[in-house]
Amino acid sequence: MSFDVPDDRRYLESHEWALETDGLVRVGISDFAQDELGDVVFVELPDEGDELDQEAEFGVVESIKAVSDLYAPVGGEVTAINEALFDAPELVNEDPFGEGWMLEIEADDLDELEDLLTADEYEDQIA
Amino acid sequence: MPLQTPPLRGIHDERGAKFTEFGGWDMPVEFDSIQTEHAAVREDVGIFDVSHMGQIHVTGPDATELMQRLTSNDVSRLAVGDSQYAAITDEDGIIIDDTVVYRLPDEGETPESRGDGDATATYLFVPNAGTDEATHERWISYRNEWGLEATVDNRTDEYAMFAVQGPNAVGIVEGVTAESVADLDRFEARYAAIDGVDCWTARTGYTGEDGFELIVPWAAATDIWTAFDCQPCGLGARDTLRIEAGLLLAGQDFHPDSNPRTPYEAGIGFTVALETEFVGRDALAAIEEAGVDERLVGFQLIDRGVPRHGYDITTTESRVIGTVTSGTMSPTLEQPIGLGYVPVEYAEPGTTLQVVVRGQSKKARVETTPFIDTV
């Protein structure tokens, strides 16, 4: 089975992606991760304004069969969360790189993105 | 130890199934999605490979007595083609396993014939995954101790088992069996030929829906599985379906060591026939008389979150009073539901409790089970 791995973003080994636009880093989980989890039924996210360190746990995604912690790809302040996921967690399955995004972080240091896997490196990890 | 594999491991793999270890078996957990499979069984029909379930065959002049003394229900009530749910208990009345006991056509008769001569009564019972060897040993050991004349064979490796479940199960099973099985009542069974192979076809199941379980020779398993043109379902959907139906999962909702429970605590007191003699009977008679301190309840989480096995159940004052034994987001109700043991004073439907979900107390309400209307 092959999975989408868009090359416009970076990845954590724990399957979160990070997409930087104008200094804001949008975060979600990968296509591979949503497939592994199966039907996502619940997403727990931080509050806007919370401060996160890089690789800190920021929430939880639950499928029917599993619970998985979520980790921040970069440190900074949470500027937005995707509240649509509270009513429609299945968006994570349906569109993990788009409508299924989880939060936006105003990064303290955008260089932290360089610590993350490239699309090619992540593709090798899930191969 | 290598995992045991069901006869259809390769076929499931080709179909794109994901697998999980269950009771020492490598079983399909999901084919398409748990929600899709769950909905198929609630609204239409689905087929499960449950070949990890044990199959133990008991026959001989004392077969009825041996079964009677090792299972909690009244085996003598079974005519050929009947089955019953039962507990297997230890001397203290603790559930070791739960099982379905089928009475097969008597030894020496053809599958089509009918008889009720007790002298050669033959039983097939289905212990849970991974317990077949220990159960077989238990039967042999007690048979020898009691000097009974009965043959006990562990046939788990000789038979596959499929469950065809859902409101449209009758039609799809009728479509492949040579003989009609639509007239079977719940917990009745007979041999029916599929592709020329006699399959023990029982109106039983563990999803809360109408349906059949088929015990089929291992060698014919592929042909029989592929004869059913319906949604294949994995153990993931089986788990969400059985929780909605308020049915127990061995090893999780009870376990002889880590969660020792009597049938009365576990809500299966109806399987206990105190008028019969069986291992654990005297202890259970005393417990029935005295009443239980704790009971398994169903609950719904009112706050957001998903209850999981092992989470604490507390009072509204956060005093721990129990543990979640099973929990899920119910695909049918779209609500988080679970099962767990609590003191009887908290077991009444409508009682407000809390479940501690990753450190946070979430409000929960005791509900009657099954959570959904079932057959």
Side-chain angles (χ1 to χ4, degrees), chain A residues 1-4 14-16 29-48 50 52 55-72 78 81-96 99-100 102-103 126-127, chain B residues 13-22 27-41 233-244 249 252 301 303-311 324 326-338 355-360 362:
Chain A
M1 191 174 233
S2 67
F3 298 98
D4 287 341
S14 49
H15 307 291
E16 294 82 359
I29 65 167
S30 72
D31 186 27
F32 172 83
Q34 70 77 23
D35 184 76
E36 283 287 298
L37 281 165
D39 301 306
V40 172
V41 293
F42 182 74
V43 181
E44 192 174 289
L45 298 174
D47 294 324
E48 285 180 24
D50 283 2
L52 299 172
E55 296 194 6
E57 273 182 40
F58 71 76
V60 167
V61 59
E62 296 203 33
S63 67
I64 289 176
K65 64 186 178 193
V67 186
S68 197
D69 292 325
L70 296 164
Y71 297 93
V78 177
I81 57 170
N82 186 2
E83 292 183 359
L85 298 183
F86 297 147
D87 291 330
E90 63 274 13
L91 290 171
V92 176
N93 294 116
E94 292 164 4
D95 191 9
E99 294 296 307
M102 292 174 173
L103 70 165
I126 61 174
Chain B
D13 200 23
E14 283 170 25
R15 175 62 177 69
K18 292 176 182 165
F19 291 83
T20 190
E21 187 275 333
F22 192 88
M27 298 303 294
V29 66
E30 188 176 353
F31 286 86
D32 294 299
S33 95
I34 291 173
Q35 286 178 338
T36 300
E37 295 161 28
H38 184 106
V41 173
C233 302
L235 296 187
R238 191 169 167 84
D239 196 50
T240 52
L241 289 156
R242 69 95 194 163
I243 294 175
E244 286 182 354
L249 179 62
Q252 194 167 300
L301 223 56
D303 291 333
R304 295 179 65 246
V306 184
R308 303 276 182 185
H309 176 76
Y311 288 2
V324 176
S326 287
T328 192
M329 180 67 80
S330 159
T332 304
L333 301 171
E334 298 184 336
Q335 297 289 342
I337 59 171
V355 173
V356 184
V357 178
R358 292 185 304 280
Q360 294 181 330
K362 308 278 188 178

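Side chains included, hydrogens not; waters and symmetry mates left out as well; all remaining heavy atoms used. Fair warning: this is a prediction, and the values are worked out from it, not measured in the lab.
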**Q.** Side chain / backbone / both / neither for B:Arg358 at chain A, heavy atoms under 4.5 Å
**A.** side chain
Q. For chain B, which residues from residues 63-72 of chain A lie under 4.5 Å away (heavy-atom distances)?
A. A:Ser63, A:Ile64, A:Lys65, A:Ala66, A:Val67
Q) So do the side chains of B:Glu37 and A:Asp39 get within less than 4.5 Å of each other, counting heavy atoms only? A) no
Q: Could you tell me which portion of B:Pro331 (side chain, backbone, both or neither) has an atom closer than 4.5 angstrom to a non-hydrogen atom of chain A?
A: side chain
Q. If you count heavy-atom pairs under 4.5 Å between each of B:Ser33, B:Gly236, B:Ser330 and chain A, which one has the most?
A. B:Ser33
Q: Kindly compute the distance separating CD (A:Glu90) from CD (B:Gln35), expressed to the nearest 0.5 Å.
A: 7.5 Å
Q | Listed partners of A:Glu57 passing side-chain hydrogen bond (donor to acceptor under 3.5 Å, both in side chains), at least two apart | A | none
Q. By a 4.5 Å heavy-atom criterion (distance strictly below it), what part of A:Val60 contacts chain B: side chain, backbone, both, or neither?
A. side chain
Q | Selection from B:Gly16, B:Gly327, B:Pro336, B:Gly305 maximising heavy-atom pairs under 4.5 Å formed with chain A | A | B:Gly305
Q: Between chain A and each of B:Glu30, B:Arg304, B:His38, B:Met329, count heavy-atom pairs under 4.5 Å; write down the option with the most.
A: B:Arg304
(Q) Report which part of B:Thr328 has an atom under 4.5 Å of a heavy atom belonging to chain A: side chain, backbone, both, or neither. (A) side chain
